[in-house]
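All values below come from the heavy atoms of this structure, side chains included, with hydrogens, waters and symmetry mates left out. Bear in mind that the values here come from a model prediction, so they are computed numbers and not experimental data.
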Number of protein chains: 2
Amino acid sequence: MLTKQELDEHWAQAREIYLNHISIDCVVFGFHEGQLKVLMLKSNNEEAWYLPGGFVLNEEPIEQAANRILKERTGIDEVFLRQFHVFGDPNRTKFHNEAYKENAFFNQRFISIGYYALVDFVDVKPMPDAFSEICTWRDLNDLPTFQLDHEHIFRTALDTLRLQLNYQPIGYNLMPQEFTMPELQKLYETILDKKLDRRNFQRRILAFGILDKLEQTRKGGAHKAPYLYSFNLENYQAALTEGLQGGW
Amino acid sequence: MLTKQELDEHWAQAREIYLNHISIDCVVFGFHEGQLKVLMLKSNNEEAWYLPGGFVLNEEPIEQAANRILKERTGIDEVFLRQFHVFGDPNRTKFHNEAYKENAFFNQRFISIGYYALVDFVDVKPMPDAFSEICTWRDLNDLPTFQLDHEHIFRTALDTLRLQLNYQPIGYNLMPQEFTMPELQKLYETILDKKLDRRNFQRRILAFGILDKLEQTRKGGAHKAPYLYSFNLENYQAALTEGLQGGW
DNA sequence: TACAATTGTGTACCAATTACACCTTCGTTT
DNA sequence: AAACGAAGGTGTAATTGGTACACAATTGTA
(Lines give C-alpha, C1' and ligand atoms only; values in the text may rest on other atoms or scores of the structure.)
Protein backbone atom coordinates (compact mmCIF):
# COMPACT_ATOMS: atom_id res chain seq x y z
CA MET A 1 0.00 0.00 0.00
CA LEU A 2 1.35 3.38 -0.99
CA THR A 3 1.18 6.47 1.17
CA LYS A 4 -0.56 9.61 -0.04
CA GLN A 5 2.79 11.19 -0.76
CA GLU A 6 4.08 8.21 -2.70
CA LEU A 7 0.89 8.26 -4.71
CA ASP A 8 1.26 11.94 -5.51
CA GLU A 9 4.79 11.32 -6.67
CA HIS A 10 3.66 8.38 -8.75
CA TRP A 11 1.06 10.44 -10.61
CA ALA A 12 3.45 13.34 -10.98
CA GLN A 13 5.72 10.99 -12.88
CA ALA A 14 2.90 9.32 -14.75
CA ARG A 15 3.44 11.24 -17.96
CA GLU A 16 6.97 9.90 -18.07
CA ILE A 17 6.36 6.26 -17.15
CA TYR A 18 3.09 5.61 -18.97
CA LEU A 19 2.19 6.05 -22.60
CA ASN A 20 0.08 9.15 -22.91
CA HIS A 21 -3.45 9.01 -24.34
CA ILE A 22 -3.77 5.26 -23.88
CA SER A 23 -5.66 3.46 -21.18
CA ILE A 24 -6.93 -0.05 -20.61
CA ASP A 25 -10.26 -1.02 -19.11
CA CYS A 26 -11.07 -4.56 -18.04
CA VAL A 27 -14.47 -6.18 -17.79
CA VAL A 28 -13.89 -9.08 -15.42
CA PHE A 29 -16.61 -11.71 -15.42
CA GLY A 30 -17.04 -14.22 -12.64
CA PHE A 31 -19.74 -16.75 -11.85
CA HIS A 32 -20.96 -17.50 -8.35
CA GLU A 33 -24.07 -19.11 -6.91
CA GLY A 34 -25.73 -19.18 -10.27
CA GLN A 35 -25.16 -15.50 -10.92
CA LEU A 36 -22.91 -13.76 -13.41
CA LYS A 37 -20.81 -11.07 -11.74
CA VAL A 38 -18.60 -8.25 -12.89
CA LEU A 39 -15.77 -6.78 -10.87
CA MET A 40 -16.16 -3.08 -10.18
CA LEU A 41 -14.73 -0.29 -8.05
CA LYS A 42 -16.51 2.53 -6.29
CA SER A 43 -15.06 5.97 -6.70
CA ASN A 44 -13.94 7.79 -3.58
CA ASN A 45 -15.42 11.06 -4.70
CA GLU A 46 -18.81 10.10 -6.01
CA GLU A 47 -21.61 7.58 -6.10
CA ALA A 48 -20.32 6.10 -9.35
CA TRP A 49 -18.69 2.77 -10.06
CA TYR A 50 -16.09 2.00 -12.66
CA LEU A 51 -14.26 -0.89 -14.23
CA PRO A 52 -10.74 -1.96 -13.31
CA GLY A 53 -8.38 -0.02 -15.50
CA GLY A 54 -4.92 1.39 -15.88
CA PHE A 55 -2.22 2.49 -18.24
CA VAL A 56 0.53 1.07 -20.40
CA LEU A 57 4.15 1.39 -19.35
CA ASN A 58 6.47 2.87 -21.93
CA GLU A 59 7.99 -0.41 -23.04
CA GLU A 60 5.21 -2.76 -22.04
CA PRO A 61 3.20 -4.87 -24.51
CA ILE A 62 -0.48 -4.04 -24.14
CA GLU A 63 -1.45 -7.63 -23.35
CA GLN A 64 1.05 -7.57 -20.54
CA ALA A 65 -0.35 -4.27 -19.31
CA ALA A 66 -3.86 -5.74 -19.24
CA ASN A 67 -2.57 -8.73 -17.30
CA ARG A 68 -0.76 -6.51 -14.85
CA ILE A 69 -3.81 -4.35 -14.26
CA LEU A 70 -5.95 -7.42 -13.74
CA LYS A 71 -3.49 -8.89 -11.29
CA GLU A 72 -3.36 -5.66 -9.31
CA ARG A 73 -7.14 -5.76 -8.77
CA THR A 74 -7.66 -9.49 -8.36
CA GLY A 75 -4.36 -11.05 -7.37
CA ILE A 76 -4.70 -13.59 -10.14
CA ASP A 77 -2.69 -14.20 -13.25
CA GLU A 78 -2.77 -16.31 -16.36
CA VAL A 79 -6.46 -15.91 -16.97
CA PHE A 80 -8.61 -15.79 -20.07
CA LEU A 81 -8.15 -12.21 -21.26
CA ARG A 82 -9.14 -10.86 -24.66
CA GLN A 83 -9.25 -7.43 -26.17
CA PHE A 84 -12.66 -6.75 -27.64
CA HIS A 85 -12.94 -3.10 -28.63
CA VAL A 86 -11.26 0.29 -28.56
CA PHE A 87 -13.18 3.24 -27.21
CA GLY A 88 -11.91 6.40 -28.81
CA ASP A 89 -14.49 9.11 -28.54
CA PRO A 90 -12.78 12.38 -27.60
CA ASN A 91 -15.54 13.16 -25.09
CA ARG A 92 -15.49 9.84 -23.31
CA THR A 93 -13.37 11.13 -20.41
CA LYS A 94 -14.60 14.71 -20.32
CA PHE A 95 -16.22 14.36 -16.91
CA HIS A 96 -13.26 12.38 -15.69
CA ASN A 97 -10.89 15.10 -16.76
CA GLU A 98 -12.81 17.68 -14.77
CA ALA A 99 -13.03 15.60 -11.61
CA TYR A 100 -9.34 14.82 -11.64
CA LYS A 101 -8.10 18.10 -13.02
CA GLU A 102 -5.67 18.58 -10.14
CA ASN A 103 -3.94 15.44 -11.42
CA ALA A 104 -1.97 16.48 -14.48
CA PHE A 105 -1.84 13.02 -15.94
CA PHE A 106 -5.60 12.70 -16.21
CA ASN A 107 -5.88 16.03 -17.92
CA GLN A 108 -5.62 14.54 -21.36
CA ARG A 109 -7.64 12.54 -23.83
CA PHE A 110 -7.57 8.78 -23.35
CA ILE A 111 -8.25 6.13 -25.91
CA SER A 112 -9.15 3.03 -23.99
CA ILE A 113 -8.52 -0.53 -25.08
CA GLY A 114 -11.23 -2.79 -23.71
CA TYR A 115 -10.34 -6.25 -22.45
CA TYR A 116 -12.68 -8.78 -20.99
CA ALA A 117 -11.60 -11.51 -18.63
CA LEU A 118 -13.22 -14.74 -17.51
CA VAL A 119 -12.04 -15.76 -14.08
CA ASP A 120 -12.82 -18.21 -11.34
CA PHE A 121 -14.81 -16.26 -8.76
CA VAL A 122 -13.25 -17.89 -5.72
CA ASP A 123 -9.67 -17.16 -6.84
CA VAL A 124 -10.21 -13.41 -6.90
CA LYS A 125 -9.19 -11.21 -3.99
CA PRO A 126 -10.66 -7.84 -4.98
CA MET A 127 -8.32 -4.96 -4.22
CA PRO A 128 -9.30 -1.28 -4.50
CA ASP A 129 -7.03 1.08 -6.40
CA ALA A 130 -5.81 4.57 -5.53
CA PHE A 131 -9.13 6.21 -6.41
CA SER A 132 -11.51 3.74 -4.87
CA GLU A 133 -12.63 2.67 -1.44
CA ILE A 134 -14.39 -0.46 -2.61
CA CYS A 135 -13.52 -3.15 -5.12
CA THR A 136 -16.10 -5.87 -5.30
CA TRP A 137 -18.25 -8.10 -7.47
CA ARG A 138 -21.50 -6.70 -8.75
CA ASP A 139 -24.35 -8.90 -9.85
CA LEU A 140 -25.43 -8.39 -13.45
CA ASN A 141 -29.00 -8.11 -12.22
CA ASP A 142 -28.09 -5.35 -9.80
CA LEU A 143 -25.65 -3.03 -11.51
CA PRO A 144 -24.76 0.37 -10.05
CA THR A 145 -24.44 3.68 -11.83
CA PHE A 146 -21.38 3.66 -14.05
CA GLN A 147 -18.74 6.35 -14.35
CA LEU A 148 -17.88 7.86 -17.74
CA ASP A 149 -18.63 5.48 -20.63
CA HIS A 150 -18.05 2.38 -18.56
CA GLU A 151 -21.60 1.17 -18.98
CA HIS A 152 -21.04 1.21 -22.72
CA ILE A 153 -17.76 -0.65 -22.30
CA PHE A 154 -19.38 -3.23 -20.08
CA ARG A 155 -22.32 -3.72 -22.42
CA THR A 156 -20.01 -4.17 -25.41
CA ALA A 157 -18.02 -6.76 -23.49
CA LEU A 158 -21.17 -8.69 -22.62
CA ASP A 159 -22.33 -8.63 -26.23
CA THR A 160 -18.92 -9.90 -27.32
CA LEU A 161 -19.02 -12.67 -24.74
CA ARG A 162 -22.43 -13.78 -25.97
CA LEU A 163 -21.20 -13.85 -29.53
CA GLN A 164 -18.06 -15.76 -28.60
CA LEU A 165 -20.21 -18.40 -26.97
CA ASN A 166 -21.20 -19.50 -30.45
CA TYR A 167 -17.75 -20.42 -31.63
CA GLN A 168 -15.56 -20.69 -28.57
CA PRO A 169 -15.81 -22.99 -25.61
CA ILE A 170 -16.09 -21.00 -22.43
CA GLY A 171 -16.54 -22.18 -18.91
CA TYR A 172 -13.13 -23.49 -18.05
CA ASN A 173 -12.22 -20.10 -16.71
CA LEU A 174 -15.52 -19.44 -15.01
CA MET A 175 -16.32 -22.79 -13.42
CA PRO A 176 -14.55 -24.52 -10.54
CA GLN A 177 -12.41 -27.56 -11.26
CA GLU A 178 -15.35 -29.92 -10.88
CA PHE A 179 -18.93 -29.06 -11.60
CA THR A 180 -22.23 -30.61 -12.52
CA MET A 181 -24.05 -30.39 -15.82
CA PRO A 182 -26.85 -28.25 -14.35
CA GLU A 183 -24.26 -25.85 -12.98
CA LEU A 184 -22.62 -25.46 -16.38
CA GLN A 185 -26.00 -25.02 -17.99
CA LYS A 186 -26.81 -22.29 -15.52
CA LEU A 187 -23.66 -20.48 -16.63
CA TYR A 188 -24.75 -20.58 -20.24
CA GLU A 189 -28.27 -19.55 -19.35
CA THR A 190 -26.99 -16.68 -17.27
CA ILE A 191 -24.70 -15.37 -19.95
CA LEU A 192 -27.33 -15.67 -22.63
CA ASP A 193 -30.16 -14.60 -20.33
CA LYS A 194 -32.25 -17.40 -21.78
CA LYS A 195 -33.58 -20.78 -20.69
CA LEU A 196 -32.09 -23.81 -22.39
CA ASP A 197 -33.47 -27.31 -22.63
CA ARG A 198 -31.73 -29.51 -20.07
CA ARG A 199 -31.43 -32.61 -22.27
CA ASN A 200 -30.46 -30.86 -25.47
CA PHE A 201 -27.87 -28.76 -23.67
CA GLN A 202 -26.25 -31.88 -22.26
CA ARG A 203 -26.14 -33.65 -25.60
CA ARG A 204 -24.69 -30.66 -27.41
CA ILE A 205 -22.05 -29.79 -24.87
CA LEU A 206 -20.96 -33.42 -24.61
CA ALA A 207 -20.74 -33.65 -28.39
CA PHE A 208 -18.03 -30.99 -28.30
CA GLY A 209 -15.86 -33.51 -26.48
CA ILE A 210 -14.45 -30.94 -24.10
CA LEU A 211 -15.81 -32.55 -20.93
CA ASP A 212 -14.67 -35.53 -18.88
CA LYS A 213 -17.34 -37.28 -16.90
CA LEU A 214 -16.11 -38.19 -13.43
CA GLU A 215 -17.09 -41.18 -11.34
CA GLN A 216 -18.43 -39.25 -8.39
CA THR A 217 -21.65 -37.38 -7.95
CA ARG A 218 -22.44 -34.28 -5.94
CA LYS A 219 -24.42 -35.35 -2.89
CA GLY A 220 -26.13 -32.97 -0.52
CA GLY A 221 -29.02 -31.58 -2.51
CA ALA A 222 -32.42 -32.96 -1.61
CA HIS A 223 -32.59 -34.66 -4.98
CA LYS A 224 -30.88 -37.08 -7.24
CA ALA A 225 -27.15 -36.49 -7.10
CA PRO A 226 -25.77 -35.16 -10.41
CA TYR A 227 -22.52 -36.44 -11.89
CA LEU A 228 -19.44 -34.28 -11.70
CA TYR A 229 -17.57 -33.20 -14.80
CA SER A 230 -14.29 -31.49 -15.47
CA PHE A 231 -12.93 -29.91 -18.61
CA ASN A 232 -10.65 -31.95 -20.82
CA LEU A 233 -7.94 -29.36 -21.20
CA GLU A 234 -6.43 -30.85 -24.35
CA ASN A 235 -9.70 -30.88 -26.26
CA TYR A 236 -10.71 -27.58 -24.73
CA GLN A 237 -7.59 -25.85 -26.02
CA ALA A 238 -8.07 -27.43 -29.42
CA ALA A 239 -11.66 -26.16 -29.53
CA LEU A 240 -10.44 -22.69 -28.49
CA THR A 241 -8.14 -22.42 -31.47
CA GLU A 242 -10.30 -24.31 -33.97
CA GLY A 243 -13.62 -22.77 -33.10
CA LEU A 244 -16.52 -24.99 -32.23
CA GLN A 245 -18.20 -24.91 -35.58
CA GLY A 246 -18.00 -23.36 -38.99
CA GLY A 247 -20.56 -21.58 -41.09
CA TRP A 248 -19.61 -22.09 -44.68
CA MET B 1 -0.24 17.96 -53.28
CA LEU B 2 2.11 19.29 -50.68
CA THR B 3 5.62 20.47 -51.40
CA LYS B 4 8.61 18.97 -49.63
CA GLN B 5 8.83 22.01 -47.37
CA GLU B 6 5.15 21.94 -46.48
CA LEU B 7 5.54 18.28 -45.66
CA ASP B 8 8.50 18.93 -43.42
CA GLU B 9 6.54 21.58 -41.60
CA HIS B 10 3.60 19.24 -41.29
CA TRP B 11 5.68 16.52 -39.66
CA ALA B 12 7.46 19.03 -37.47
CA GLN B 13 4.07 19.94 -36.05
CA ALA B 14 2.87 16.37 -35.91
CA ARG B 15 3.46 15.94 -32.22
CA GLU B 16 1.13 18.86 -31.60
CA ILE B 17 -1.70 18.02 -33.98
CA TYR B 18 -1.82 14.25 -33.63
CA LEU B 19 -2.24 12.09 -30.54
CA ASN B 20 1.13 10.61 -29.74
CA HIS B 21 1.63 6.86 -29.58
CA ILE B 22 -1.51 6.06 -31.53
CA SER B 23 -1.77 5.09 -35.16
CA ILE B 24 -4.38 3.55 -37.39
CA ASP B 25 -3.82 0.96 -40.09
CA CYS B 26 -6.45 0.01 -42.61
CA VAL B 27 -6.80 -3.25 -44.49
CA VAL B 28 -8.90 -2.31 -47.50
CA PHE B 29 -10.45 -5.23 -49.34
CA GLY B 30 -11.75 -4.98 -52.86
CA PHE B 31 -12.99 -7.55 -55.35
CA HIS B 32 -12.28 -7.40 -59.05
CA GLU B 33 -12.37 -9.91 -61.85
CA GLY B 34 -12.91 -12.75 -59.44
CA GLN B 35 -9.93 -11.84 -57.31
CA LEU B 36 -9.77 -10.49 -53.80
CA LYS B 37 -7.48 -7.46 -53.57
CA VAL B 38 -5.96 -5.42 -50.82
CA LEU B 39 -4.89 -1.80 -51.15
CA MET B 40 -1.21 -1.22 -50.44
CA LEU B 41 1.51 1.39 -50.78
CA LYS B 42 5.12 0.97 -51.75
CA SER B 43 7.67 2.71 -49.62
CA ASN B 44 9.90 5.30 -51.31
CA ASN B 45 12.97 4.10 -49.52
CA GLU B 46 12.76 0.37 -49.74
CA GLU B 47 11.34 -2.64 -51.49
CA ALA B 48 8.64 -3.02 -48.86
CA TRP B 49 4.91 -2.42 -49.03
CA TYR B 50 2.63 -1.23 -46.29
CA LEU B 51 -1.01 -0.72 -45.49
CA PRO B 52 -2.79 2.64 -45.64
CA GLY B 53 -2.40 4.26 -42.26
CA GLY B 54 -2.28 7.47 -40.36
CA PHE B 55 -2.80 9.18 -37.06
CA VAL B 56 -5.59 10.57 -34.91
CA LEU B 57 -6.08 14.30 -34.62
CA ASN B 58 -6.24 15.68 -31.10
CA GLU B 59 -10.01 16.04 -30.96
CA GLU B 60 -10.97 13.49 -33.57
CA PRO B 61 -13.00 10.33 -32.83
CA ILE B 62 -11.02 7.30 -33.93
CA GLU B 63 -13.75 6.08 -36.30
CA GLN B 64 -13.61 9.46 -37.98
CA ALA B 65 -9.83 9.25 -38.19
CA ALA B 66 -10.06 5.86 -39.88
CA ASN B 67 -12.59 7.23 -42.33
CA ARG B 68 -10.42 10.23 -43.07
CA ILE B 69 -7.35 8.09 -43.67
CA LEU B 70 -9.33 5.80 -45.93
CA LYS B 71 -10.69 8.73 -47.90
CA GLU B 72 -7.22 10.20 -48.35
CA ARG B 73 -6.00 6.99 -49.99
CA THR B 74 -9.10 6.00 -51.93
CA GLY B 75 -11.22 9.09 -52.42
CA ILE B 76 -14.25 7.25 -51.07
CA ASP B 77 -16.33 7.75 -47.99
CA GLU B 78 -19.14 6.06 -46.12
CA VAL B 79 -17.84 2.57 -46.54
CA PHE B 80 -17.97 -0.56 -44.43
CA LEU B 81 -15.22 0.01 -41.89
CA ARG B 82 -14.70 -1.96 -38.70
CA GLN B 83 -12.00 -2.04 -36.11
CA PHE B 84 -10.77 -5.57 -35.61
CA HIS B 85 -7.67 -5.56 -33.40
CA VAL B 86 -5.11 -3.42 -31.63
CA PHE B 87 -1.45 -4.09 -32.22
CA GLY B 88 0.52 -3.01 -29.23
CA ASP B 89 3.85 -4.77 -29.20
CA PRO B 90 6.56 -2.26 -28.24
CA ASN B 91 8.86 -3.65 -30.95
CA ARG B 92 6.38 -3.48 -33.77
CA THR B 93 7.77 -0.23 -35.16
CA LYS B 94 11.41 -0.70 -34.24
CA PHE B 95 12.58 -0.87 -37.85
CA HIS B 96 10.24 1.93 -38.78
CA ASN B 97 11.68 4.15 -36.07
CA GLU B 98 15.21 3.65 -37.39
CA ALA B 99 14.33 4.32 -41.01
CA TYR B 100 12.49 7.50 -40.19
CA LYS B 101 14.69 8.66 -37.37
CA GLU B 102 15.22 12.05 -38.91
CA ASN B 103 11.47 12.55 -38.47
CA ALA B 104 10.89 13.33 -34.82
CA PHE B 105 7.27 12.27 -34.85
CA PHE B 106 8.05 8.71 -35.89
CA ASN B 107 10.64 8.38 -33.21
CA GLN B 108 8.19 7.01 -30.68
CA ARG B 109 6.28 3.88 -29.91
CA PHE B 110 2.99 3.46 -31.77
CA ILE B 111 0.04 1.37 -30.77
CA SER B 112 -1.93 0.76 -33.91
CA ILE B 113 -5.66 0.29 -34.16
CA GLY B 114 -6.46 -2.03 -37.05
CA TYR B 115 -9.49 -1.35 -39.22
CA TYR B 116 -10.65 -3.34 -42.17
CA ALA B 117 -12.75 -1.94 -44.95
CA LEU B 118 -14.84 -3.54 -47.65
CA VAL B 119 -15.12 -1.32 -50.69
CA ASP B 120 -16.32 -1.38 -54.26
CA PHE B 121 -13.17 -1.81 -56.34
CA VAL B 122 -14.23 0.50 -59.15
CA ASP B 123 -14.97 3.41 -56.84
CA VAL B 124 -11.44 3.58 -55.50
CA LYS B 125 -8.90 6.03 -56.86
CA PRO B 126 -5.68 4.92 -55.14
CA MET B 127 -3.56 7.84 -54.00
CA PRO B 128 -0.01 7.51 -52.61
CA ASP B 129 0.87 9.24 -49.37
CA ALA B 130 3.92 11.30 -48.40
CA PHE B 131 6.16 8.26 -48.01
CA SER B 132 5.10 6.26 -51.03
CA GLU B 133 5.49 6.41 -54.75
CA ILE B 134 2.86 3.80 -55.46
CA CYS B 135 -0.58 3.13 -54.08
CA THR B 136 -2.31 0.25 -55.75
CA TRP B 137 -4.33 -2.92 -55.38
CA ARG B 138 -2.43 -6.11 -54.70
CA ASP B 139 -3.88 -9.50 -55.44
CA LEU B 140 -4.15 -11.81 -52.45
CA ASN B 141 -2.44 -14.48 -54.48
CA ASP B 142 0.49 -12.23 -55.25
CA LEU B 143 1.35 -10.30 -52.13
CA PRO B 144 4.59 -8.33 -51.81
CA THR B 145 6.96 -8.14 -48.88
CA PHE B 146 5.36 -6.25 -46.02
CA GLN B 147 6.90 -3.52 -43.92
CA LEU B 148 6.95 -3.77 -40.13
CA ASP B 149 4.21 -6.02 -38.76
CA HIS B 150 1.83 -5.24 -41.61
CA GLU B 151 1.71 -8.83 -42.76
CA HIS B 152 0.46 -9.78 -39.33
CA ILE B 153 -2.11 -7.00 -39.41
CA PHE B 154 -3.27 -8.05 -42.85
CA ARG B 155 -3.50 -11.71 -41.87
CA THR B 156 -5.51 -10.88 -38.74
CA ALA B 157 -7.90 -8.79 -40.81
CA LEU B 158 -8.41 -11.63 -43.28
CA ASP B 159 -9.06 -14.10 -40.47
CA THR B 160 -11.57 -11.68 -38.97
CA LEU B 161 -13.30 -11.24 -42.31
CA ARG B 162 -13.60 -15.00 -42.72
CA LEU B 163 -15.07 -15.33 -39.25
CA GLN B 164 -17.51 -12.47 -39.85
CA LEU B 165 -18.76 -14.25 -42.93
CA ASN B 166 -20.46 -16.70 -40.59
CA TYR B 167 -22.71 -14.24 -38.87
CA GLN B 168 -22.74 -11.10 -40.97
CA PRO B 169 -23.87 -10.60 -44.51
CA ILE B 170 -21.09 -9.23 -46.62
CA GLY B 171 -21.03 -8.47 -50.28
CA TYR B 172 -23.00 -5.28 -50.48
CA ASN B 173 -19.81 -3.32 -50.11
CA LEU B 174 -17.71 -5.49 -52.36
CA MET B 175 -20.06 -6.19 -55.24
CA PRO B 176 -21.37 -3.80 -57.87
CA GLN B 177 -25.01 -2.73 -57.75
CA GLU B 178 -26.12 -5.66 -59.86
CA PHE B 179 -24.43 -9.02 -60.01
CA THR B 180 -25.07 -12.63 -60.79
CA MET B 181 -25.23 -15.52 -58.38
CA PRO B 182 -22.00 -17.08 -59.71
CA GLU B 183 -20.25 -13.74 -59.20
CA LEU B 184 -21.37 -13.54 -55.58
CA GLN B 185 -20.36 -17.13 -55.06
CA LYS B 186 -16.93 -16.37 -56.41
CA LEU B 187 -16.58 -13.65 -53.79
CA TYR B 188 -17.35 -16.07 -51.00
CA GLU B 189 -15.06 -18.69 -52.47
CA THR B 190 -12.28 -16.19 -52.80
CA ILE B 191 -12.57 -14.93 -49.25
CA LEU B 192 -12.78 -18.44 -47.85
CA ASP B 193 -10.26 -19.85 -50.32
CA LYS B 194 -12.55 -22.82 -50.75
CA LYS B 195 -14.89 -24.22 -53.39
CA LEU B 196 -18.58 -24.11 -52.60
CA ASP B 197 -21.41 -26.11 -54.13
CA ARG B 198 -23.21 -23.93 -56.63
CA ARG B 199 -26.73 -25.12 -55.81
CA ASN B 200 -26.35 -25.19 -52.04
CA PHE B 201 -24.77 -21.76 -52.07
CA GLN B 202 -27.69 -20.35 -53.96
CA ARG B 203 -30.28 -21.91 -51.67
CA ARG B 204 -28.54 -20.75 -48.55
CA ILE B 205 -27.86 -17.21 -49.62
CA LEU B 206 -31.41 -16.81 -50.90
CA ALA B 207 -32.76 -18.15 -47.59
CA PHE B 208 -31.18 -15.17 -45.85
CA GLY B 209 -33.61 -12.98 -47.73
CA ILE B 210 -31.08 -10.29 -48.40
CA LEU B 211 -31.21 -10.53 -52.20
CA ASP B 212 -33.69 -9.26 -54.77
CA LYS B 213 -33.89 -11.22 -58.00
CA LEU B 214 -34.11 -8.90 -60.97
CA GLU B 215 -35.92 -9.50 -64.23
CA GLN B 216 -32.93 -9.20 -66.48
CA THR B 217 -30.12 -11.58 -67.17
CA ARG B 218 -26.50 -10.91 -67.99
CA LYS B 219 -25.99 -11.68 -71.68
CA GLY B 220 -22.63 -11.80 -73.35
CA GLY B 221 -21.02 -14.93 -72.00
CA ALA B 222 -20.99 -17.88 -74.35
CA HIS B 223 -23.40 -19.70 -72.11
CA LYS B 224 -26.77 -19.56 -70.47
CA ALA B 225 -27.36 -16.02 -69.24
CA PRO B 226 -27.52 -15.83 -65.44
CA TYR B 227 -30.09 -13.74 -63.62
CA LEU B 228 -29.04 -10.49 -62.03
CA TYR B 229 -29.50 -9.83 -58.34
CA SER B 230 -29.17 -6.80 -56.12
CA PHE B 231 -29.06 -6.54 -52.34
CA ASN B 232 -32.25 -5.75 -50.50
CA LEU B 233 -30.86 -2.98 -48.37
CA GLU B 234 -33.54 -3.13 -45.72
CA ASN B 235 -33.11 -6.83 -45.04
CA TYR B 236 -29.36 -6.53 -45.44
CA GLN B 237 -29.14 -3.91 -42.71
CA ALA B 238 -31.39 -5.98 -40.50
CA ALA B 239 -29.16 -9.01 -41.01
CA LEU B 240 -26.11 -6.88 -40.24
CA THR B 241 -27.43 -5.95 -36.85
CA GLU B 242 -29.19 -9.21 -36.05
CA GLY B 243 -26.52 -11.58 -37.24
CA LEU B 244 -27.36 -14.26 -39.75
CA GLN B 245 -27.70 -17.11 -37.33
CA GLY B 246 -27.38 -17.97 -33.72
CA GLY B 247 -25.65 -20.80 -31.96
CA TRP B 248 -27.51 -21.35 -28.72
C1' DT C 1 -28.00 -27.44 -86.27
C1' DA C 2 -25.19 -29.70 -83.09
C1' DC C 3 -22.10 -28.64 -79.36
C1' DA C 4 -19.76 -27.21 -75.16
C1' DA C 5 -20.21 -24.75 -71.33
C1' DT C 6 -22.75 -22.73 -67.88
C1' DT C 7 -27.02 -21.70 -65.27
C1' DG C 8 -31.71 -22.92 -63.16
C1' DT C 9 -33.97 -26.05 -60.40
C1' DG C 10 -35.17 -30.31 -57.79
C1' DT C 11 -34.56 -34.33 -54.74
C1' DA C 12 -32.88 -38.09 -51.91
C1' DC C 13 -29.99 -38.73 -47.99
C1' DC C 14 -27.71 -37.81 -43.80
C1' DA C 15 -26.79 -34.86 -39.67
C1' DA C 16 -28.22 -31.75 -36.34
C1' DT C 17 -31.68 -29.58 -33.68
C1' DT C 18 -36.03 -29.52 -31.29
C1' DA C 19 -39.60 -31.09 -28.50
C1' DC C 20 -40.92 -34.15 -25.72
C1' DA C 21 -41.55 -38.65 -21.70
C1' DC C 22 -40.16 -41.85 -18.57
C1' DC C 23 -37.40 -43.68 -15.21
C1' DT C 24 -33.94 -43.12 -11.31
C1' DT C 25 -32.20 -41.26 -7.16
C1' DC C 26 -31.71 -38.12 -3.46
C1' DG C 27 -33.24 -36.12 1.11
C1' DT C 28 -37.41 -35.22 3.44
C1' DT C 29 -41.83 -36.09 5.31
C1' DT C 30 -44.93 -38.86 7.79
C1' DA D 1 -39.36 -47.42 6.88
C1' DA D 2 -42.47 -46.21 3.26
C1' DA D 3 -44.26 -42.55 0.52
C1' DC D 4 -43.28 -38.21 -1.59
C1' DG D 5 -41.48 -34.21 -4.10
C1' DA D 6 -37.99 -32.50 -6.78
C1' DA D 7 -34.27 -32.82 -9.54
C1' DG D 8 -31.07 -35.55 -12.69
C1' DG D 9 -30.09 -39.38 -16.34
C1' DT D 10 -31.30 -41.05 -20.61
C1' DG D 11 -33.97 -41.99 -24.95
C1' DT D 12 -36.79 -41.13 -29.16
C1' DA D 13 -39.84 -39.26 -32.74
C1' DA D 14 -40.46 -35.19 -35.60
C1' DT D 15 -38.56 -31.44 -37.77
C1' DT D 16 -35.15 -28.73 -39.75
C1' DG D 17 -30.91 -27.89 -42.06
C1' DG D 18 -26.93 -29.29 -44.78
C1' DT D 19 -24.73 -32.26 -48.31
C1' DA D 20 -24.37 -34.56 -52.47
C1' DC D 21 -25.98 -35.26 -56.28
C1' DA D 22 -28.78 -35.20 -61.67
C1' DC D 23 -31.14 -33.27 -65.26
C1' DA D 24 -33.21 -29.79 -68.09
C1' DA D 25 -32.67 -25.08 -70.18
C1' DT D 26 -30.12 -21.51 -72.48
C1' DT D 27 -26.33 -19.12 -74.49
C1' DG D 28 -22.81 -18.17 -78.27
C1' DT D 29 -20.01 -20.77 -81.27
C1' DA D 30 -18.37 -24.32 -84.41
Single hit among B/F80, B/Y172, B/Y229, B/F208 for ring-ring contact (aromatic ring centres under 6.0 Å, His included) with B/Y236: B/Y172
Classify the side chain of B/R204 versus the base of D/dT19 as yes if they form a donor-acceptor pair under 3.5 Å and no if they do not. no
Result for 5'-nearest mapping on DNA chain D, choosing between B/T217 and A/Y229, is A/Y229
I need the CG-P distance between B/N166 and D/dG17, as an integer number of Å. 17 Å
Between atom CD in B/Q216 and atom P in D/dT27, what is the gap in whole Å? 14 Å
Side-chain N or O of B/K186 closer than 4.0 Å to phosphate OP1/OP2 of C/dT6: no
Do any side-chain nitrogens or oxygens of B/K219 fall under 4.0 Å of OP1 or OP2 in D/dG28? no
Hey, does B/L161 have a side-chain heavy atom less than 4.5 Å from the side chain of B/Y116? yes
Rounded to whole Å, CD of A/Q202 lies from C1' of D/dG11 at a distance of 12 Å
To the nearest Å, give me how far apart CZ (B/F201) and P (C/dT9) are. 15 Å
Classify the side chain of B/R198 and the base of D/dA20 as holding, or not holding, a donor-acceptor pair under 3.5 Å. no
Spacing of B/E215 atom CD relative to C/dG8 atom P, expressed in whole Å: 14 Å
Mind telling me whether A/F87 and A/H152 have parallel, tilted or perpendicular rings, with 30° and 60° as the class edges? perpendicular
From CD1 of B/I205 across to P of D/dG17 the rounded distance in Å is 16 Å
Verify the contact: side-chain N or O of A/K224 to OP1 or OP2 of D/dA6, cut-off strictly under 4.0 Å; return yes or no. no
Could you tell me whether the side chain of A/R203 has a donor or acceptor atom within less than 3.5 Å of a complementary atom in the base of D/dT12? yes
Length of the line joining B/Q185:CD and C/dG8:P, which is rounded to integer Å: 11 Å
In whole angstroms, how far is the C1' atom of C/dC13 from the CZ atom of B/R199? 15 Å
Taking for each residue the nucleotide of DNA chain D with the nearest heavy atom, is it A/D197 or A/H223 whose nucleotide lies nearer the 5' end? A/H223
Taking the side chain of A/N200 as its heavy atoms from C-beta onward, which of C/dT18, C/dT9, C/dT7 lies nearest to it? C/dT18
Charged N to carboxylate O under 4.0 angstrom, A/D25 versus A/R92? yes
Under the salt bridge (Lys or Arg N to Asp or Glu O under 4.0 Å) rule, what pairs show up with a residue in residues 28-39 of chain A, not counting sequence neighbours? A/K37-A/D139
